[in-house]
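One structure is given below, encoded as structure tokens.
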There are 2 protein chains.
Amino acid sequence: MTQVKENSTIQENKKLAHEECPVTYVMEKIGGYWKPIILFHLLAGSKRYGELRKSIPGITEKMLIQHLKQLEADDLVIRIAKPVVPPHVTYSLSKSGTALGPVLYAMAVWAVKDSKENNKPFFKDLEGFPPIGKQV
Amino acid sequence: MTQVKENSTIQENKKLAHEECPVTYVMEKIGGYWKPIILFHLLAGSKRYGELRKSIPGITEKMLIQHLKQLEADDLVIRIAKPVVPPHVTYSLSKSGTALGPVLYAMAVWAVKDSKENNKPFFKDLEGFPPIGKQV
DNA sequence: ATTTGTACTTACTTATATGCAAGTACTTAC
DNA sequence: GTAAGTACTTGCATATAAGTAAGTACAAAT
């Protein structure tokens with residue numbers, strides 16, 4: 001008698017997972033491709049929307065603000081809009097967001113080392129790092 | 001005269017991006033939802049396929065195997081198969097993968113702290129951490 | 001002959017992420 | 001009255017990720 005596999009419980013398991021695995025908790029908040037990149041670019045201090053866009057040339061405007069909104073909703077970044085025209089909006093890391101500094105910094109360190117060992121160093125060095133705690 | 005926006009260069013920019021931003025480099029390797037979670041579960045030491053599956057109840061076999069193959073191709077994990085029946089396969093972190101330890105550990109630390117501050121502590125504490133360097 | 005155990009594999013469907021191109025709002029400067 | 005400047009917003013198309021439900025291989029044990 002052929003048994004039915006229980007993939008059906010996966011959805012329920014997934015809901016419980018973030019209560020057990022810390023990294024799962026992190027992924028629920030900053031999982032995906034863009035969020036860590038955006039956060040990294042805010043690590044050096046607050047930036048205006050346009051600055052952020054220029055410093056991440058690979059992202060589309062849609063993705064950028066979509067993720068900024070999400071990050072704001074998750075209390076990782078803070079949005080401050082001056083009521084002027086043309087608009088003036090700055091984004092910065094919240095307390096939670098700032099606390100991700102060590103994670104992002106560890107990533108940067110790994111990237112530099114790993115790319116070197118693969119004979120593809122893309123970054124001379126982490127000049128000016130760590131910017132952690134330098135919060136503007 | 002209305003100007004055409006240059007979203008068209010995004011693809012080219014994206015190719016160049018990983019040569020400029022270290023976090024982008026990292027995302028190309030472990031971006032997404034599952035990879036960091038899988039790596040985290042290998043941090044404590046090598047595991048058989050089945051053990052890995054049990055320790056990550058939220059993942060489907062398809063995702064697990066697919067990401068394991070990808071991680072192997074990216075030299076982050078090592079697959080060792082004993083030529084026996086039934087099969088016996090173990091996965092462990094490579095040198096590069098092990099070097100991600102600090103990143104994953106920083107994530108775990110942040111998760112515990114952040115979940116506490118949001119009144120949703122999911123993990124008593126990081127008992128037994130760090131397992132870094134404990135490589136079996 | 002059938003079941004058991006382990007590590008996958010496959011086909012099909014659905015969901016989510018991302019890309020692309022364009023438009024909007026509002027005020028100041030020209 | 002038209003252009004510039006900034007921060008979005010929207011609709012449609014495509015690409016990638018993920019879920020579901022099966023099946024396969026092979027030898028040993030029953």
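Quick note on labels: first sequence line is chain A, next is B, and so on, each numbered from 1.
When the side-chain hydrogen bond (donor to acceptor under 3.5 Å, both in side chains) test is applied to Arg79(A), no partner is found at least two apart in sequence or on another chain. The salt bridge (Lys or Arg N to Asp or Glu O under 4.0 Å) search around Lys95(B) returns Glu117(A), not counting sequence neighbours. Partners of Lys29(B) according to the salt bridge (Lys or Arg N to Asp or Glu O under 4.0 Å) rule, which considers only residues two or more places apart in sequence or in another chain, are Asp114(A).
Using a 4.0 Å cut-off, no side-chain N or O of Arg48(B) falls inside it from OP1 or OP2 of dT6(C). Distances shorter than 4.0 Å separate none of the side-chain N or O atoms of Thr60(A) from OP1 or OP2 on dT18(C).
Residue pairs meeting the salt bridge (charged side-chain N to carboxylate O under 4.0 Å, His left out) criterion with at least one partner in residues 48-58 of chain A, sequence neighbours excluded, are Arg53(A)-Glu61(A). Residue pairs that meet the salt bridge (charged side-chain N to carboxylate O under 4.0 Å, His left out) test with at least one member in residues 64-78 of chain B, sequence neighbours left out, do not exist here.
Using a distance-only test at 3.5 Å, with no hydrogens or angles considered, a donor-acceptor pair links the side chain of Trp110(A) to the main chain of Ser96(B).
Grouped with Ile80(A) in one hydrophobic cluster are Ile78(A), the linkage being side-chain heavy-atom contacts under 4.5 Å among Ile, Leu, Val, Met, Phe, Trp and Tyr residues.
Residues Lys54(A) and Pro87(B) both approach DNA chain D. Their nearest nucleotides, taken by heavy-atom distance, put Lys54(A) toward the 5′ side. Between Pro86(A) and Gly32(A), the residue anchored closer to the 5' end of DNA chain C is Gly32(A), taking for each the nucleotide with the nearest heavy atom.
Direction change of the helix axis from one end of the helix from dA1(C)-dT30(D) to dC30(C)-dG1(D) to the other is 20°, with five pairs defining each end axis (rounded to 10°).
Atom NE2 of His88(A) is separated from atom C1' of dC26(C) by 17 Å (rounded to the nearest Å).
Heavy-atom minimum distance, His41(A) versus Ser55(A): CE1-O, 3.2 Å.
Comparing dC26(C), dA18(D), dA7(C) by their nearest atom to the side chain of Tyr33(B) picks out dA18(D).
Using a 4.0 Å heavy-atom cutoff across all strands shown, Arg53(A) reaches no nucleic acid atom at all.
For the segment residues 62-77 of chain B, residues with any heavy atom less than 4.0 angstrom from an atom of DNA chain C are, sorted by number, Lys62(B), Ile65(B), Lys69(B).
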